[in-house]
Number of protein chains: 2
Amino acid sequence: MHISYEIDADVSLQERLRFAGLRPTRQRIALASLIFAKGDRHLSAEELHEEALGVNVPVSLATVYNTLHQFTQAGMLRILAVEGAKTYFDTNVSDHHHFFVEGDNEVIDIPSGSTMVGNLPPVPEGMEIVNVDIIIRLRKKRG
Amino acid sequence: MHISYEIDADVSLQERLRFAGLRPTRQRIALASLIFAKGDRHLSAEELHEEALGVNVPVSLATVYNTLHQFTQAGMLRILAVEGAKTYFDTNVSDHHHFFVEGDNEVIDIPSGSTMVGNLPPVPEGMEIVNVDIIIRLRKKRG
DNA sequence: CTGTGTGCAAACTCTTTGCATAAGT
DNA sequence: ACTTATGCAAAGAGTTTGCACACAG
């Protein structure tokens with residue numbers, strides 16, 4: 001579904017939240033506008049929390065976590081299993097893959113045009129595919 | 001390099017460890033034989049720890065972590081970034097990919113014959129590829 | 001009003017670290 | 001002997017939970 005939220009961001013964010021069965025509270029609206037303001041992003045709970053505090057939206061970290069998970073469940077975000085401890089959330093829910101820059105811990109989208117998945121292997125008995133994640137790990141060329 | 005460790009597991013494990021610059025201590029030998037006894041495996045530190053205790057090798061969890069990381073650095077293991085908190089170590093160091101069964105948190109190797117990576121996308125300026133990880137997330141068919 | 005959301009702090013899980021003791025060469 | 005590993009317990013990072021208060025409908 002598409003809501004043209006370019007016209008009035010706050011109003012349609014409210015609609016999106018309502019549509020997802022989430023009450024459009026101050027915090028959720030604020031977080032949603034931070035998350036979805038700048039197009040595709042990858043962020044951790046910590047990052048979003050700091051960003052919120054930075055623009056004087058004093059949410060608690062717990063609420064950030066709750067909100068991110070609620071948005072994920074609503075299909076507005078996607079969890080990105082990259083590495084170790086930190087969980088990243090991806091605002092691009094469509095089918096695409098990722099570069100991951102080691103050292104920087106930076107996640108970069110791979111445009112979905114660059115089709116890469118060739119023939120899938122046979123899936124084990126009684127199982128079905130949820131999704132296919134490709135992560136290309138990069139390092140800076142020493143130079 | 002290949003050492004035929006089928007002949008006498010303990011002796012050649014010692015050699016492997018020595019070759020990696022690791023002193024072949026009781027704990028490392030015991031853990032190595034648990035890890036490499038049964039062919040390709042995916043295990044977490046917790047699992048290995050319990051397994052060790054189960055066969056009366058009383059190592060501490062800290063030592064298990066240390067050992068797994070040392071083995072990884074020595075190229076005998078590979079870290080598997082699957083999901084969230086837990087770190088999995090893969091005894092299959094060669095080029096291959098994985099199924100991940102959601103719910104069970106089970107990791108299954110995809111035989112490297114099933115080539116899947118087609119055309120890789122252009123790599124960002126100044127970067128080089130470390131490796132390509134493909135994880136196919138599965139769920140049990142409800143039935 | 002009524003129910004859901006939020007903030008806080010405490011709890012939890014996985015992992016790492018510091019330091020005294022034990023073991024390898 | 002001399003050096004490196006180990007064990008323990010404590011610290012650390014990231015995430016979650018429980019409960020009183022606040023807010024949306």
Side-chain angles (χ1 to χ4, degrees), chain A residues 10-11 13-32 34 42-53 56-74 76-77 79-89 105 107, chain B residues 10-11 13-35 42-53 56-74 76-77 79-89 105 107:
Chain A
D10 278 17
V11 165
L13 278 179
Q14 288 196 26
E15 282 168 10
R16 279 186 82 176
L17 291 174
R18 239 185 266 280
F19 185 79
L22 299 171
R23 275 209 206 148
T25 63
R26 248 183 265 104
Q27 293 85 336
R28 296 215 263 235
I29 293 171
L31 291 178
L34 285 174
H42 311 95
L43 34 74
S44 66
E46 271 292 346
E47 285 163 14
L48 181 57
H49 186 223
E50 283 171 16
E51 203 171 307
L53 298 185
N56 287 305
V57 178
V59 281
S60 72
L61 185 53
T63 297
V64 172
Y65 274 106
N66 288 339
T67 304
L68 286 171
H69 283 131
Q70 289 153 356
F71 287 6
T72 299
Q73 211 162 348
M76 299 159 66
L77 294 175
I79 287 182
L80 207 49
V82 187
E83 181 105 352
K86 262 184 181 139
T87 305
Y88 285 87
F89 294 83
N105 284 20
V107 180
Chain B
D10 278 15
V11 165
L13 277 180
Q14 288 197 27
E15 283 168 9
R16 279 186 83 175
L17 291 174
R18 238 185 267 280
F19 184 78
L22 299 170
R23 286 225 288 236
T25 62
R26 248 185 262 101
Q27 293 84 337
R28 296 214 262 235
I29 293 172
L31 292 178
S33 47
L34 285 174
I35 293 171
H42 312 95
L43 35 75
S44 66
E46 270 293 346
E47 285 162 15
L48 181 56
H49 187 222
E50 282 171 16
E51 204 171 304
L53 298 185
N56 286 305
V57 178
V59 280
S60 73
L61 185 54
T63 296
V64 172
Y65 274 105
N66 288 338
T67 303
L68 286 171
H69 282 131
Q70 289 153 357
F71 287 6
T72 300
Q73 211 163 346
M76 297 158 66
L77 294 176
I79 287 181
L80 208 49
V82 186
E83 181 105 351
K86 262 186 181 138
T87 304
Y88 286 88
F89 294 83
N105 283 22
V107 180

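In what follows, every chain begins at residue 1, and chains take the letters A, B, ... in the order their sequences are listed.
With rounding to whole Å, A:Leu17 atom CG is found 10 Å from C:dT6 atom P. The OH atom of B:Tyr88 sits 12 Å away from the C1' atom of C:dC14 (whole-angstrom rounding). Rounding to whole angstrom units, CG of residue A:Leu68 and P of C:dT6 are separated by 12 Å. Spacing between atom OH of A:Tyr65 and atom P of C:dG7 amounts to 15 Å, rounded to whole angstrom units. For B:His69 and C:dC14, the NE2 to P distance is 15 Å, given to the nearest whole Å. One interatomic measurement links the two molecules: CG of B:Leu43 to C1' of C:dC14, which rounds to 16 Å at whole-angstrom precision. Between A:Lys86 atom NZ and C:dT15 atom C1' the separation is 15 Å, expressed in whole Å.
Using modelled atom types, one side-chain atom of B:Thr67 and one backbone atom of B:Thr63 make a donor-acceptor pair closer than 3.5 Å.
Distances shorter than 4.0 Å separate none of the side-chain N or O atoms of A:Thr63 from OP1 or OP2 on C:dT6.
Protein chain B touches strand DNA chain D; the 5'-most and 3'-most nucleotides with an atom under 4.0 angstrom of its non-hydrogen atoms are D:dT3 to D:dC8.
Every salt bridge (charged side-chain N to carboxylate O under 4.0 Å, His left out) that A:Glu51 has, sequence neighbours left out, goes to A:Arg41. The ring-ring contact (aromatic ring centres under 6.0 Å, His included) test applied to A:His42 returns A:His98, not counting sequence neighbours. Checked against side chain to side chain contact (heavy atoms under 4.5 Å, CB included), B:Gln73 has no partners two or more places apart in sequence or in another chain. Judged as a ring-ring contact (aromatic ring centres under 6.0 Å, His included), and not counting sequence neighbours, the contacts of A:Phe89 are A:His69. The side chain to side chain contact (heavy atoms under 4.5 Å, CB included) test applied to A:Glu46 returns A:Ser44, A:Glu50, A:Leu61, not counting sequence neighbours. Shown here are the side chain to side chain contact (heavy atoms under 4.5 Å, CB included) partners of A:Ala62, two or more places apart in sequence or in another chain: A:Ser60.
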Taking only N/O atoms, report every protein-nucleotides 18-25 of chain C pair under 3.5 Å with atom names and distance.
from	atom 1	to	atom 2	distance (Å)
C:dT25	OP1	B:Arg18	NH1	2.9

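Contacts of A:Leu61 with the nucleic acid, taken as non-hydrogen atoms under 4.0 Å apart, include base atoms. Contacts of B:Thr87 with the nucleic acid, taken as non-hydrogen atoms under 4.0 Å apart, involve only primed sugar atoms and P, OP1 or OP2. As judged by a 4.0 angstrom heavy-atom cut-off over every strand, B:His49 is placed among residues making no nucleic acid contact.
Only one option out of B:Leu68, B:Leu48, B:Leu13 pairs with B:Leu31 in a side chain to side chain contact (heavy atoms under 4.5 Å, CB included); it is B:Leu48.
Remark on the helix from C:dC1-D:dG25 to C:dT25-D:dA1: inter-end axis angle 30°, axes from five-pair C1' superpositions, rounded to 10°.
Here the closest heavy-atom approach between residue A:Val82 and residue B:Ala81 is recorded as O-CB, 2.9 Å.
Within the 4.5 Å cutoff, the side chain of B:His49 has no heavy atoms near those of the B:Tyr65 side chain.
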Taking distance alone, no hydrogens or angles, what donor-acceptor pairs closer than 3.5 Å link side-chain atoms of residues 23-30 of chain A to residues at least two apart or in another chain?
from	atom 1	to	atom 2	distance (Å)
A:Thr25	OG1	A:Arg28	N	3.3
A:Arg28	NE	A:Arg23	O	3.0
A:Arg28	NH1	A:Gln70	OE1	2.9
A:Arg28	NH2	A:Arg23	O	3.4

